[in-house]
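Remarks on the structure that follows.
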There are 2 protein chains.
Amino acid sequence: MPNQDHMIEEMYNSEGNLTEKQKKILAAATEMFAEKGFAGTSTSEIAKKAGVAEGTIFRHYKTKKELLLFIVTPMMVKLIAPFVIKDLNKVLNHEYEQFEDFIRAMIDNRAKFLEKNRPIIQVFIQEIPFHTELREQFIEHVGTKVMARFVQIIKHYQANGQICAMPASSVIRLVGSTILGYFVTKNVLAAKMAWDDEAEIDRMVRFLMKGLAIDHTTK
Amino acid sequence: MPNQDHMIEEMYNSEGNLTEKQKKILAAATEMFAEKGFAGTSTSEIAKKAGVAEGTIFRHYKTKKELLLFIVTPMMVKLIAPFVIKDLNKVLNHEYEQFEDFIRAMIDNRAKFLEKNRPIIQVFIQEIPFHTELREQFIEHVGTKVMARFVQIIKHYQANGQICAMPASSVIRLVGSTILGYFVTKNVLAAKMAWDDEAEIDRMVRFLMKGLAIDHTTK
DNA sequence: TATAGAAGTGAGTAATCACTCACTAAGGGA
DNA sequence: TCCCTTAGTGAGTGATTACTCACTTCTATA
C-alpha cells in the first residue's frame, strides 16, 4: 500500500488547516463511534450531530470507512511512536537508571496519553476486531517498531542485573498486561468503586518489581 | 427485570430440545457475530448461512437483539458461576494447599473453558461495549457473585501467609490482568510467532508468585 | 386417523442505509 | 471585476434493513 504513508503524512501536517465543519464532523463521528460503534452509527446521524449536510461528509471522506480511518490512524502514528523513541533514548542515556523509574514514567506518560485521547482510543479498541486494515496498521506501527524498541530496553535492564532472565517478549507481555489491567479497571470501573489511584500505582509497581526481580530462592 | 431469571432458567434446561434448524441459526449467528459484529451482520445473512428462511429466525427470537442475548447470556450463567463455586469449595477444603496450585488449576480450567466457547466469548467481548444489558448482566453475575468468592479465596491465602498483604481486589486485578494478558496474546498472536505454552505458563506463574510473595526486603 | 399447535416459509413492507450529483456560496489571485 | 477552485448543500438514488403475516408442513397425542 504505497499511498498509506502519504495519507498519514498528510494528516500529520494538516490537522491545523481543517475547516470548522470538518472538525465538527470528526468530533461528532468520534463520539458516536465510541458510543454506538462504527457499524451502528449512520452517516445521517453524524451529519445531524455535527450540524452539517450529509453530503459534506462525503465531500471530505470518500466512504464512511475512510472517515473511521482518518480518526483512528493518526493516533497510532503520531502519539505512540514518538513517545517510545524519545523514552528509549532517555533509557539508553541512563536517564532512568532504575527500572522502576522507567516503569513509573511509562505509566504516567500513558495515563496522560489516554486522558487526552480517550474517545479515539475507545473507538480504536472497539473496532479493531472488525477491520483488517486497523489490525495491519497496528501490527506495522506498534507490533514491530515499538516492540523492537521495548526489547532493547528490557535487555538493557536485564544486562544491568535489575530484572531476571526471561525472554524480553514475555517481560513485555507481563508488564503490559499489568499496566493495561490497571488502566482498564481504572477507566471502566472508576465511578463504581473507591479508587485510591496513587496507592494502586504503588501496589502495581511493587508487584512488578518483585515479580521481575532476580530469584534468590533456591526452589 | 423479573423475567430475566426465568429466561435464563429456560435456556438452562432447553438446550437439548432445540430444533435442528434452531441450532443451525444459533451456530450461524454466533459465527457471523464473531466475524463481522452484531451491527454488521444482517438477519438475512444469518438465515442464508443457517439454511433457513428469514422468518424462521423471528419465529424463535422476537428481535435480532434477543438472538444475541440468547447466544451470550447462558455462557455467563452456566459456565462462570458453577466453576467458581466449585473451586471455592476446593480451596476452603484445603484441596489447593498452595496458592500456586490454585493459580495453575485456574489457568488450566479457564483455558479449557475458552477453548470450548471461543466464538461465544469473542462475541461477548466484542459486543459488551455497545449493549447495556450485557454490561448489567456481567456485573450482576460476574462482578458481584464471582468477585465475592474470589475475595474469600484471596483472604484465605493471605491469612495463610502465602501472599502479601494488599486489598483483595488489587490482588484479583493483578492476577486477572496477568492471566488475561496470557490468554489474549496466546489466542490473538498465536499463529504469528513461536509460542512455547508450557514455558510461558511457568514464567507467568513464577512472576505471579514472586510478585505476590511477602516482602522480605527492607526498602 | 383426525386434529391442534408448533415449526417453518418467503413474499412483502416501510424505513433506513451509504452514497451521488447538480447546484450555490465563498474566497483569493490575476 | 472576473474566474477558478474548494466547501458546502440537500433532494434523490437503488439497495438493504429488521421485521410481519398469511400460509404450508410437520408432529405428537387423543
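Here is the naming used below: chain letters follow the sequence lines, and residue numbers restart at 1 for every chain.
- Distance CD (Glu45(B)) to P (dA15(D)): 17 Å, rounded to an integer number of Å.
- The phosphate of dG8(C) (OP1 or OP2) has no side-chain N or O of Lys21(B) nearer than 4.0 angstrom.
- Atom CZ of Arg203(B) and atom CG of Leu208(B) lie 13.5 Å apart (nearest 0.5 Å).
- Taking only side-chain atoms of Lys64(B), from C-beta outward, the nucleotide of dA18(C), dG8(D), dA18(D) with the closest atom is dA18(D).
- With distances taken from any side-chain atom of Ala53(B) to the nucleotides dT9(C), dG8(C), dT9(D), the minimum falls on dT9(C).
- Residues Phe207(A) and Phe207(B) bring their aromatic ring centres within 6.0 Å.
- Protein atom CZ of Phe58(A) is 17 Å distant from nucleotide atom C1' of dA22(C), rounded to whole Å.
- Among the nucleotides dT9(C), dT9(D), dA7(D), the one closest to any side-chain atom of Thr56(A) is dT9(D).
- Take the nearest nucleotide of DNA chain C for Ser42(A) and for Arg59(A): the residue whose nucleotide is more 5' is Ser42(A).
- Residue Gly40(A) is the one, among Gly40(A) and Lys62(A), whose nearest nucleotide of DNA chain C lies closer to the 5' end (criterion: closest heavy atom).
- When the side-chain nitrogen and oxygen atoms of Ser44(A) are compared with OP1 and OP2 of dC17(C), one or more of them lie within a distance under 4.0 Å.
- Residue Glu54(B) has its side chain nearest to dC19(D) when only dA18(C), dG8(C), dC19(D) are considered.
- For His60(A) and dT6(D), the shortest distance from a side-chain N or O to OP1 or OP2 is not below 4.0 Å.
- Atom C1' of nucleotide dC19(D) and atom NZ of Lys65(B) are separated by 16 Å, given to the nearest angstrom.
- By the neighbour-count criterion of 12 heavy atoms within 6.0 Å, atom NZ of Lys64(B) is densely surrounded, having more than that number from other residues, nucleotides or ligands.
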Should Lys112(A) and Asp108(A) be marked as a salt bridge (Lys or Arg N to Asp or Glu O under 4.0 Å) after you check the CA-CA gap, both sets of side-chain angles, and the distance that decides it? CA-CA 6 Å; Lys112(A) 280 167 185 158; Asp108(A) 188 57; 2.9 Å; yes
